[in-house]
Amino acid sequence: MADTKLPIPKKPSAPGAVQKALHKLGLVRDIDLALHLPLRYEDETRITLLRNARDGDMVQVEATVTASEVQLRPRRQLLVQVDDGTGTCELRFFSFYPSHQKTLAVGARLRIRGEVKGGFWGRQMLHPAFRVAGGELPTALTPVYPTTAGLPQPYLRRAVVMGLQRADLSETLPSDVELPLTSNLGQNTFQRLCSLRDALIFLHHPTPHVSLAALEDRSHPAWQRLKAEELLAQQLSQQQSRRARDQLSAPVIPSGGGAPGMPPLHEQLLAALPFGLTAAQHRVGEEIAHDLARTRPMHRLLQGDVGSGKTVVSALAACLAIEAGWQCALMAPTEILAEQHFAKMIGWLEPLLAARGRCVAWLVGGQKKKERAAMLARVASGEAALVVGTHAVIQEQVQFKNLALAIIDEQHRFGVAQRLALRQKLAAHGMEPHMLMMSATPIPRTLAMSYYADLDVSVIDELPPGRTPIVTRLIADSRKDEVIARIASQVAAGRQVYWVCPLIEESETLDLSNATATHADLSEALPGTAVGLLHSRMPSAEKKAVMAEFSAGRMGVLVSTTVIEVGVDVPNASLMVIEHAERFGLSQLHQLRGRVGRGAAASACVLLYATNDSGRVGQTAKERLRAMQETNDGFEIARRDLDIRGPGEFLGARQSGDALLRFADLATDTHLLEWARALAPVMLDRYPQHAERHVARWLGGKADYLKA
Ligand code: ADP
Ligand code: MG
């Protein structure tokens, strides 16, 4: 029926055009088509009497044309009156062809489908679909698929039907595996769920009596089966890659080693630190040391809330590798952060390394040629025991003598390709380096169990002592003046302040002008205070200079876009103001907030939110921000963020959108996730061929993304 919907669907001009559009949707193999599920359904199985059609209903009627005329004012349009004996309706078309006028001639009996507008005063349908009445009614709901330009529904429907017929949907779940499955629906067992084939046939063409609610919220058994399959594929793939990695060899780094006549490097560092480790730092340090001492590569994610002290843990791990004669790399996503790490590592390690004839090297993009060449030489000779830098560390020209440990800070900022490149830096030795990935964005448990199932996770769940908790306040931006007064008093007390302007999506220029204007305003409002500006577009030398002023305490206020989001450590900063807080994600706000409260002084975070004309911020936006006031616990915030915004934010560059779960929802499908997690190792051990087929079916060529 939709075939005749006006305006006519643009017929793909060449047969290749359909193919191209299908490719664009990722619909290449038959199984891809079979797994391309409807967005919604249309019910064409029934004819509604016009008498019963109410405003807003999507209906199908059969009626006779009683009048048909083209009106020229106010716009050229075709107006058609129809009557089915119980009521009348006016059909209105703004674009039409002579052939349509012919079908819509007076006396014609039509089957019409569209949304009814109005009611009592006269019903109307705008651009309904129509065709000559009669013919059998379909027995199943009509699927409406997500599509793209140049691929009308009828073509896509046909392609899906073909795909569904041709795809190999044979069972991959071994028949003799017990599959108890309790769901939040009640006492379901897997046996009561349908086969994949039945599930798909049903979801593409459900019978009209099905509960649309169960289809929509995906609690229907057919959906459960599909989601279980998808989660199983993810688990299989990740557990496969973990097993494959366990077969590789890595440098064995014993914890006890050391140069003769000297205490081990990591003990020297511990002794030199101005603080003792927290119990949590100590524990994760042991976990890492344990991994490093094995013959297979470590792949560990070190999680810890902002300020929990991950850097020193990574430095201690580096010490172990260095003491055993190997090299380490520490890579950070931004130059500012890399620079901070470098300064810290120099401070901690340089004196100790000097006694061993070794040093810390530094590699970033904008480096001077001569300096870079010198650094590269030190890396190649092995004199550089530790190399700190940005992406520059993984460039091809960088030849390590013997890289044993790669540390990646803010790992979610790096992509798969970059991690692979790091791993290849040791390929010459026929080994893999150990990888330590750090993240201050706590990953909720369900995410860790699904997308990160191939990693081991260590958590620093404790902050160093002596930190005063950060007080967070929500303030309407109409009260900005009060906030500025507060800044003045902080600065007068010798403290420092961050002022963060949001990044306006798709408009870097606007974003820059915003930050610049704020900078000017604050400079004017705070005479005698040094107010700096830091923006992502500034040349890196300038950024460095600004950051140096702020770090040294010579600058009272730093206005910035989100470039300070990651890692910056200035303990004297005690107030953070975030403008347009409603535009940030919760985890992002938490990261930003973590820039203060690093010293002993009481610290505060002010979330300024914009109010609209009526003086109110969107209710949901404020509810969301309230979470920031209620808790300082990064995990709790991350969990709420996951509920609100889905997993994309957390995964960052870790995976391409392709590899994201399409059907399962980690918030509602935990029971399926647990099931898949338990089944995957059994399948890999006992039914490797089933497992192979299952992964190929679901992930095709995409499985590689999961493996870095
Ligand atoms: P993050 O985990 O956010 O990367 P950092 O490693 O930057 O945190 O540490 C935050 C600050 O806390 C740094 O100034 C660091 O030197 C300090 N720090 C780390 N561990 C301890 C500790 N056990 N006791 C006191 N201060 C510590
Ligand atoms: Mg850090």
Side-chain angles (χ1 to χ4, degrees), residues 266 269-288 300-319 330-349 386 388-390 407-414 436-443 457-470 496 498 547 550-553 562-574 576 587-601 603 605 632-635 637-638 652:
H266 74 279
L269 173 55
L270 274 176
L273 287 174
F275 49 76
L277 295 188
T278 62
Q281 283 173 317
H282 193 75
R283 173 172 43 77
V284 303
E286 306 251 281
E287 287 166 0
I288 294 167
R300 189 170 282 278
L301 177 65
L302 173 55
Q303 284 193 191
D305 214 340
V306 271
S308 61
K310 296 182 289 294
T311 318
V312 71
V313 171
S314 71
L316 287 164
C319 285
L330 168 54
M331 187 163 77
T334 65
E335 211 160 298
I336 286 184
L337 188 52
E339 171 120 14
Q340 280 212 2
H341 282 326
F342 183 59
K344 214 166 240 180
M345 295 298 164
I346 289 275
W348 285 339
L349 294 176
L386 173 64
V388 182
T390 56
I407 302 162
I408 306 180
D409 198 13
E410 305 296 340
Q411 60 90 23
H412 56 288
R413 295 279 180 117
F414 291 96
L436 179 63
M437 292 163 263
M438 304 199 282
S439 171
T441 305
I443 296 158
V457 180
S458 289
V459 182
I460 305 184
D461 50 7
E462 158 183 36
L463 292 180
R467 303 256 170 97
T468 32
I470 306 164
Q496 290 170 282
Y498 292 106
M547 213 48 230
F550 193 69
S551 297
T562 42
V563 282
I564 59 162
E565 182 182 342
V566 283
V568 180
D569 188 25
V570 179
N572 191 45
S574 60
M576 162 147 313
S587 291
Q588 218 180 353
L589 288 173
H590 183 65
Q591 294 291 301
L592 286 169
R593 175 169 68 181
R595 300 302 115 218
V596 294
R598 305 195 142 220
S603 295
C605 174
N632 264 317
D633 176 349
F635 274 93
I637 286 168

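Start at 1 and go down the list; that is how both ligands and their atoms are numbered.
Taking every heavy atom of T278 and a limit of under 4.0 angstrom, the matching atoms of ligand 1 come to 23 (N). Counting the atoms of ligand 1 from 1 in the order shown, those under 4.0 Å from a heavy atom of L277 are 23 (N). In summary, the atoms of ligand 1 found under 4.0 Å from a heavy atom of T311, numbered by their order in the structure, are 4 (O), 5 (P), 6 (O), 7 (O).
For the ligand labelled ligand 1, residue Q340 lies outside the 4.0 Å heavy-atom shell. Using a 4.0 Å heavy-atom cutoff, S308 is listed among the residues neighbouring ligand 1. Using a 4.0 angstrom heavy-atom cutoff, P571 does not count as in contact with ligand 1. Residue contacts with ligand 1: G276 is included, with a non-hydrogen atom under 4.0 Å away.
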For L302 and E287, what are the C-alpha separation, side-chain angles and deciding distance, and is it a side-chain contact (heavy atoms from CB on, under 4.5 Å)? CA-CA 10 Å; L302 173 55; E287 287 166 0; over 6 Å; no

Would you sort out whether I637 and R593 count as a side-chain contact (heavy atoms from CB on, under 4.5 Å), showing the intermediate values? CA-CA 12 Å; I637 286 168; R593 175 169 68 181; 3.3 Å; yes

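In this structure, R595 CZ and S603 OG are separated by 12.5 Å, a value rounded to the nearest 0.5 Å. Between the OG1 atom of T390 and the CE atom of M331 there is a distance of 8.5 Å, given to the nearest 0.5 Å. Atom CG of D305 and atom CD of E462 lie 12.5 Å apart (nearest 0.5 Å).
Considering both main-chain and side-chain atoms, G307 comes within under 3.5 Å of ligand 1 through a nitrogen or oxygen pair. Considering backbone and side-chain N/O atoms, P465 never comes within less than 3.5 Å of an N/O atom of ligand 1. Below 3.5 Å of separation, one finds an N or O of Q281 facing an N or O of ligand 1.
In terms of the side-chain hydrogen bond (donor to acceptor under 3.5 Å, both in side chains) criterion, S439 has no residue partners (sequence neighbours excluded).
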Scan the side chains in residues 270-286 for donor-acceptor partners under 3.5 Å anywhere in the protein, sequence neighbours excluded, and list what turns up.
from: T278; atom 1: OG1; to: Q281; atom 2: N; distance (Å): 3.1
from: T278; atom 1: OG1; to: Q281; atom 2: OE1; distance (Å): 3.3
from: Q281; atom 1: OE1; to: T278; atom 2: N; distance (Å): 2.9
from: Q281; atom 1: NE2; to: G309; atom 2: O; distance (Å): 2.9
from: R283; atom 1: NH1; to: V459; atom 2: O; distance (Å): 3.4
from: R283; atom 1: NH2; to: V459; atom 2: O; distance (Å): 3.3
from: R283; atom 1: NH2; to: D461; atom 2: OD1; distance (Å): 3.1

